[in-house]
Amino acid sequence: MLADAFAAFFARPDVFALGVCNGCQMMAALAALIPGAEAWPRFTRNRSEQFEARLSQVEVLESPSIFFQGIAGARLPIAVAHGEGFADFSQRGDPARVIAAMRYVDAHGQPVETYPANPNGSVGGLTAVTTADGRYTALMPHAERVFRWEQMSWSGGRRGPSAWQRMFESARRRLGG
C-alpha cells in the first residue's frame with residue numbers, strides 16, 4: 001500500500017525532505033504519516049482568490065529545520081508562484097502547536113496578513129512549517145528559484161549565490177558533504 005511506503009520512508013531516521021509549493025501541499029496532505037507534523041495545516045486557496053507570481057519578503061524564523069540553520073532572522077526576497085498557499089487550520093492542524101519556519105513580513109519586518117505583502121493571507125504570515133526534529137520542512141514560496149542573485153527581478157548588480165543558497169548548503173552539511 002502506498003500509505004505504508006510513505007510512512008516507512010518518513011519513519012526512517014536517516015532521511016529528510018523538503019516540500020516546496022505543490023510539494024508543500026503534498027507533504028501537508030501526508031502530515032498524518034510524518035512524525036511531528038500532526039499540527040501542520042492544509043494549504044488551500046489564497047485569500048486573494050487568484051494565482052500570485054512575484055517576489056515577496058519573508059523572514060526565516062528560529063526553528064529546528066535543517067534547511068534554515070544559520071539563517072534565522074534573515075529577511076529576504078523570495079519568489080512566489082501559487083494559487084493555494086493559505087495555511088488553513090480550519091481543516092486540520094493546530095496553530096498553537098505548529099512549528100513555523102518562515103513568515104511573510106512587511107517593509108518594517110513585521111509579520112503581515114494583508115495583501116499584497118502576504119500573497120495568501122495566512123495568519124501571522126505563516127508560509128513554512130517544520131517538524132520538531134527539523135528533518136521535514138514544507139514551504140510555499142520558491143527559494144530554489146532565487147538561490148542566485150541573477151534570478152531576482154532586481155539584484156542591484158549583485159552576482160553569484162544569494163542568501164537562499166545557504167538553505168541548500170545546510171542540507172548538504174546534514175548529509176555530511
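Computed from a predicted model, the values in this text were never measured in an experiment.
Grouping the Ile, Leu, Val, Met, Phe, Trp and Tyr side chains by contacts below 4.5 angstrom, directly or via other members, places V60 with L55. Linking Ile, Leu, Val, Met, Phe, Trp and Tyr whenever their side-chain heavy atoms come within less than 4.5 Å puts M102 and F168 in one cluster. Cluster annotation: M167 and F147 are assigned to the same hydrophobic cluster (Ile/Leu/Val/Met/Phe/Trp/Tyr, side-chain heavy-atom contacts under 4.5 Å, transitive). In the hydrophobic cluster analysis, where Ile, Leu, Val, Met, Phe, Trp and Tyr join through side-chain heavy atoms closer than 4.5 angstrom, I71 is grouped together with W149. Under the 4.5 Å side-chain contact rule for hydrophobic residues, V98 and V20 do not share a cluster.
Between C21 atom SG and H142 atom NE2 the span is 3.5 Å, to the nearest 0.5 Å. How far NE2 of H82 is from CZ of F43: 9.5 Å, rounded to the nearest 0.5 Å. To the nearest 0.5 Å, atom CG of residue L139 and atom OG1 of residue T137 are 7.5 Å apart. Between the CD1 atom of I78 and the OG1 atom of T127 there is a distance of 7.5 Å, given to the nearest 0.5 Å. Taken from CG in L76 to OG in S56, the straight-line distance is 12.5 Å, to the nearest 0.5 Å. Between the CD atom in Q50 and the CG atom in N120 there is a gap of 12.0 Å [rounded to 0.5 Å].
Listed here is the closest heavy atom pair of E62 and A72: OE1-CB, 3.4 Å. The nearest pair of heavy atoms linking F68 to S63 is CD1-OG, 4.5 Å. Residues P119 and R54 approach most closely at CB-NH2, 3.3 Å, considering heavy atoms. In this structure, G124 and P111 approach most closely via the heavy-atom pair O-CB, 3.6 Å.
With a 4.5 Å cut-off on side-chain heavy atoms, V105 and Q110 do not count as touching. Side-chain contact between E38 and R97 is present, with at least one heavy-atom pair separated by less than 4.5 Å. With contacts defined as side-chain heavy-atom distances shorter than 4.5 Å, the pair V129/P41 qualifies.
Judged purely by atom type and a 3.5 angstrom limit, R42 has no side-chain atom pairing as donor or acceptor with the backbone of D88. Without hydrogens or angle criteria, N118 side chain to V112 main chain gives a donor-acceptor distance under 3.5 Å. In this structure, the side chain of R135 engages the main chain of R12 through a donor-acceptor pair within 3.5 Å. For the pair S122 (side chain) and A87 (backbone), a donor-acceptor distance under 3.5 Å is present. Side chain of E169 to backbone of W164: no donor-acceptor contact under 3.5 angstrom is found. Of the possible polar contacts, none joining the Q57 side chain to the P77 backbone as a donor-acceptor pair under 3.5 Å is found. A donor-acceptor pair under 3.5 Å is formed between the side chain of S170 and the backbone N or O of I66. In this structure, W40 contributes its side chain and T130 its backbone to a donor-acceptor pair below 3.5 Å. Side-chain atoms of N46 never come within 3.5 Å of backbone atoms of S48 as a donor-acceptor pair (strictly under, hydrogens ignored).
Around atom CZ of R92, more than 12 heavy atoms belonging to other residues, nucleotides or ligands sit under 6.0 Å away.
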Exercise answer: donor-acceptor pairs, residues 22-37 side-chain atoms, under 3.5 Å, sequence neighbours excluded:
unit_1, atom_1, unit_2, atom_2, d
N22, ND2, Q25, OE1, 3.1
Q25, NE2, E84, O, 2.8
Q25, NE2, E84, OE1, 3.4

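Between the side chains of Y104 and E59, no donor N or O sits under 3.5 Å from an acceptor N or O.
Not counting sequence neighbours, the partners of F67 by the ring pair (Phe, Tyr, Trp, His ring centres under 6.0 Å) test are F16. Considering only residues two or more places apart in sequence or on other chains, Y136 meets the ring pair (Phe, Tyr, Trp, His ring centres under 6.0 Å) condition with F10. By the side-chain contact (heavy atoms from CB on, under 4.5 Å) test, R45 is found to be paired with E49, residues two or more places apart in sequence or in another chain being considered. Residues passing the side-chain hydrogen bond (donor to acceptor under 3.5 Å, both in side chains) test with S162, sequence neighbours excluded: none.
Among residues at least two apart or in separate chains, salt bridge (charged side-chain N to carboxylate O under 4.0 Å, His left out) pairs with a member in residues 140-153 are R148-E150, E150-R159.
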